[in-house]
There are 4 protein chains.
Amino acid sequence: MNTGSDKKELILDSAIELFNRWGYAKTSVDEIARAAHIAKSTIYYYFPSKENLFIAAIEEKAEEFFNKLTTAIEAAEKFEDKLSCFLSLPITCIFQNMPLLANAMQQIPPDYFTSLLIKRNEYRQRMNNLLAEIMNYGKKQGIINEKINSEHFSEMINDWFIMGDYWNEGDNKNRILKRLERDHVLMVQLLLYGILKRDTAKPRTRKKVNKRKIQ
Amino acid sequence: MNTGSDKKELILDSAIELFNRWGYAKTSVDEIARAAHIAKSTIYYYFPSKENLFIAAIEEKAEEFFNKLTTAIEAAEKFEDKLSCFLSLPITCIFQNMPLLANAMQQIPPDYFTSLLIKRNEYRQRMNNLLAEIMNYGKKQGIINEKINSEHFSEMINDWFIMGDYWNEGDNKNRILKRLERDHVLMVQLLLYGILKRDTAKPRTRKKVNKRKIQ
Amino acid sequence: MNTGSDKKELILDSAIELFNRWGYAKTSVDEIARAAHIAKSTIYYYFPSKENLFIAAIEEKAEEFFNKLTTAIEAAEKFEDKLSCFLSLPITCIFQNMPLLANAMQQIPPDYFTSLLIKRNEYRQRMNNLLAEIMNYGKKQGIINEKINSEHFSEMINDWFIMGDYWNEGDNKNRILKRLERDHVLMVQLLLYGILKRDTAKPRTRKKVNKRKIQ
Amino acid sequence: MNTGSDKKELILDSAIELFNRWGYAKTSVDEIARAAHIAKSTIYYYFPSKENLFIAAIEEKAEEFFNKLTTAIEAAEKFEDKLSCFLSLPITCIFQNMPLLANAMQQIPPDYFTSLLIKRNEYRQRMNNLLAEIMNYGKKQGIINEKINSEHFSEMINDWFIMGDYWNEGDNKNRILKRLERDHVLMVQLLLYGILKRDTAKPRTRKKVNKRKIQ
DNA sequence: TATGAATGAGTCTTCATTCAT
DNA sequence: TATGAATGAAGACTCATTCAT
């Protein structure tokens, strides 16, 4: 990745490492230059701004991540395994690239520059599409409970596990709160199916599920 | 909230709002002073440092949150409702106090000052205790599947939903990766119980569950 | 010195200690208040300003010093002992009250406020007078080499040992440089041959020198 | 001194002048920048900190001083003239670079940063060595009173004239006080009788004394 | 292509002083 | 007499960015 004397690549490598370690605000262009053993102005020769460099760093890691993810999902044959990939890989990857990818995919903090928000939406969309495909696959195989609205499920998984774009939506607090409530009801149901004893579970929760209605 | 001439409260209010909007690094003491319509030095009369003010802001909101949460959980009678509270309130609350509480309870980014890390651990501990109590309640009622290791479940819920202290643990990457894998397997199982059709699900997943062994 | 609950004395004591330890610029009014266990504003009740407090601290110690010095000189009978007192006590005293008295009596740094300069001149004058008296005493006893100009000698001793008011004299650099040259010539002569008359000196002082033993 | 566009030299010149006039604590980096007609940040481009800039200023002047001093001492042939150089040049030089060199060579005030203390020790060592050489020279010529312990004499001259490292020695007050007493006894003896052997002294120095005339 | 030099705007923090009580 | 609260001005230092070469 750092072959040849390509200084641009050198800068990017140092930037990725430092942004990962210290986050955007606490990484200075000086430090990146020092780490890359080049002059600070050279960074500005290749990247118009710190912001831009940050986006470039994210893109590099994100592309790497999506490649891994799609490959793994395609390689898996069973529905459960595909779902398993989808749930585990992001966590592993984000763990290895914290907080770079966290900044890219999550919404904390909500104040970031526009170019980052655009990237975020792009990545979320790609995640949604991947999960939608997996769900379709499960449906085709006839193993998914029809009561589960799979689009809604995809959305929710993204929102809970990779954290949602709640913070994008500006002032429309009520809408978000409603969605949060809807999501958590579904999440509780999912968890209950898992942790409740079969026979006890059914009667108790059916009632509740009916009352609150799965959409 | 801003009654009387209590300037300390005024400062805290402004700080909470601004830290929430812009995060720690991108909120300047100048801005807080301007927002509170007081002199910058007045902030330093009440709080020894920006860091300290940040912690104070977090504490105020965290206390508020824990009060709401414990009250709600105690008020709920059924196990499912208690669990529901535990899962929904943090999200709602964190949504309303992003990134203030996110900073306090989550581990992103990993570069923060010591005093914040201490707070984080305290809050995580309190969350763990609350969930443990709920699980105990469920057990006493005999409605929890004995195959679920409830301690492990608590841990996982905290790690996934409120995000774990992965980043505390220094260099020991392998250990963390193992735990991540363990967690996601459990999570997949929980989800599958929820979304798979009853009859199809059982035979298919039992196998897998047995193979990987629930702890 | 700190009898009763007299807060003014308390402040002065703390101020002396702290100014001594850290110097004027690096001692804050806050610290003095903290050390005296009183409120900062109380200091401003008793002293109009930090500057003023500094001068007051100096005065207290200076008065103490001059009392000691005159008492000791009067108590000494022989010329040599009087001179000895004059040379040793300031050093001892300044050592014990560094840099408080150093600030007061020396000219380092030259930028201090007017009130301090006034005090300096006053103290230098008193030192000069004391030395002049001693020299007169020596002359009356007929043991001082007539070739030594005793006024000039007094001046020089003060300038070299207690450091002079060179820095008072503003721009007139040439004049000062001439005086410095004159002084050092005299100093070298003193070091080489001393101030005592050859014939008088021998019998009188040999005794004493033998008693105290030159190493 | 300020030739060419060398901004580093410009900064150093302004710094030397201002530190000389106002001392370390009362000279602000802003003022130095203003005096040098450059931006404050430019100072930080060349010097990592104010402290560092101060040390650089001292070094420049100290080197200048030691060059002058050694040259002058070597040029002088007679013992008396060498001693004369040693005693006069520091004073003249320090006068012209007060309090810059005073800070570097003396121990007032005692609260300074470590890097300055290191410099102080270095300079004191160099002064001691120079004086030791001069005394050796005098001994070889057989004109120094054997009763004078020349090492002790060197120490004392440095302590009294250039002011000693009393303040380095921590708490050991008694030891220092004893040394002060010892020193002043020697000083009185020197003033009274001088360091030259009686018989050698007379013919050699009378000439010189007559030439320069005691006032 | 690459960089050394330079900077303006801003950062957190300190501190002597004032004032109402 | 004594003080808690409040502040303006200044302090050292940082940093993303520009520009001439």
Side-chain angles (χ1 to χ4, degrees), chain A residues 5-8 10-11 24-33 36-54, chain B residues 5-8 10-11 24-33 36-54, chain C residues 5-8 10-11 24-33 36-54, chain D residues 5-8 10-11 24-33 36-54:
Chain A
S5 66
D6 197 15
K7 298 220 172 177
K8 188 170 184 177
L10 247 168
I11 293 167
Y24 179 80
K26 300 233 176 180
T27 300
S28 76
V29 178
D30 269 273
E31 281 168 329
I32 296 169
H37 299 293
I38 48 126
K40 184 163 47 162
S41 334
T42 308
I43 292 179
Y44 283 89
Y45 178 73
Y46 288 107
F47 301 93
S49 69
K50 185 190 178 187
E51 196 178 308
N52 194 288
L53 171 59
F54 184 64
Chain B
S5 67
D6 200 12
K7 297 226 174 173
K8 189 170 183 177
L10 242 169
I11 293 167
Y24 180 79
K26 300 235 176 181
T27 301
S28 77
V29 179
D30 271 272
E31 281 169 330
I32 297 170
H37 299 292
I38 49 134
K40 186 167 35 164
S41 358
T42 307
I43 292 179
Y44 283 90
Y45 178 72
Y46 289 105
F47 301 92
S49 68
K50 184 190 178 188
E51 197 178 307
N52 193 289
L53 172 58
F54 185 63
Chain C
S5 66
D6 197 14
K7 298 221 172 179
K8 188 170 183 178
L10 246 168
I11 293 167
Y24 179 79
K26 300 232 178 182
T27 300
S28 75
V29 178
D30 269 273
E31 282 168 328
I32 296 170
H37 299 292
I38 49 127
K40 184 163 45 161
S41 334
T42 308
I43 292 179
Y44 283 88
Y45 179 73
Y46 288 105
F47 301 93
S49 69
K50 185 191 177 188
E51 197 178 306
N52 194 289
L53 172 57
F54 184 64
Chain D
S5 67
D6 201 12
K7 297 224 172 174
K8 189 170 182 177
L10 243 168
I11 293 167
Y24 180 80
K26 298 236 177 180
T27 300
S28 77
V29 178
D30 271 271
E31 280 168 329
I32 296 170
H37 298 293
I38 49 136
K40 185 169 35 167
S41 355
T42 306
I43 292 179
Y44 283 91
Y45 178 72
Y46 287 105
F47 301 93
S49 68
K50 184 190 177 187
E51 197 178 306
N52 193 288
L53 171 58
F54 185 63

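Chain identifiers are assigned alphabetically (A, B, ...) following the order of the sequence lines, protein sequences preceding nucleic acid strands; residue numbering begins at 1 within each chain. Just so it is clear, the structure is predicted and the values come from calculations on it, not from any experiment. Only this structure's heavy atoms are used, side chains among them; waters, hydrogens and symmetry mates stay out.
Across all strands, Ser28(A) comes closer than 4.0 Å only to sugar-phosphate atoms, never to a base (heavy-atom distances).
Residue Lys7(D) has a polar side-chain atom (N or O) positioned under 4.0 Å from OP1 or OP2 of dT7(E). At dT7(F), one or more side-chain N or O atoms of Thr42(B) fall inside 4.0 Å of OP1 or OP2 (strictly under the cut-off). In this structure, Tyr45(D) does not reach the dA6(E) phosphate: none of its side-chain N or O atoms is under 4.0 Å from OP1 or OP2.
The side chain of Asp30(B) approaches dT11(E) more closely than any other nucleotide in the set dT18(E), dC13(F), dT11(E). Taking every side-chain heavy atom of Ser41(B) into account, dG8(F) is the closest of dG8(F), dA6(F), dT3(E). Of the candidates dT17(F), dT3(F), dA2(F), the closest approach to any side-chain atom of Tyr46(C) belongs to dA2(F). Comparing atom distances between the Lys40(B) side chain and each of dT17(F), dG4(F), dA10(F) picks out dA10(F) as nearest. Listed candidates were dA12(F), dT18(F), dC12(E). Nearest to the side chain of Tyr44(D) is dA12(F).
When base pairs are accepted only as Watson-Crick or G-U wobble with both N-N or N-O distances under 3.5 Å, DNA chain F takes part in stems of 3 or more pairs at E:2-21 with F:2-21.
Nearest heavy atoms, Tyr44(B) versus Pro48(B): CD2-O, 3.7 Å.
Across the protein-nucleic acid pair, Ile38(C) atom CD1 and dT3(F) atom P stand 7 Å apart, rounded to whole Å. The nearest whole Å value for the distance from the OH atom in Tyr24(C) to the P atom in dC15(E) is 13 Å. Atom P of nucleotide dT17(F) and atom NZ of Lys50(A) are separated by 8 Å, given to the nearest angstrom. For Phe47(B) and dA5(F), the CZ to P distance is 13 Å, given to the nearest whole Å. Between the NE2 atom of His37(C) and the P atom of dT3(F) there is a distance of 13 Å, given to the nearest Å.
When the options Thr27(D), Val29(D), Ile43(D) are evaluated for a side chain to side chain contact (heavy atoms under 4.5 Å, CB included) with Leu53(D), the one that passes is Ile43(D).
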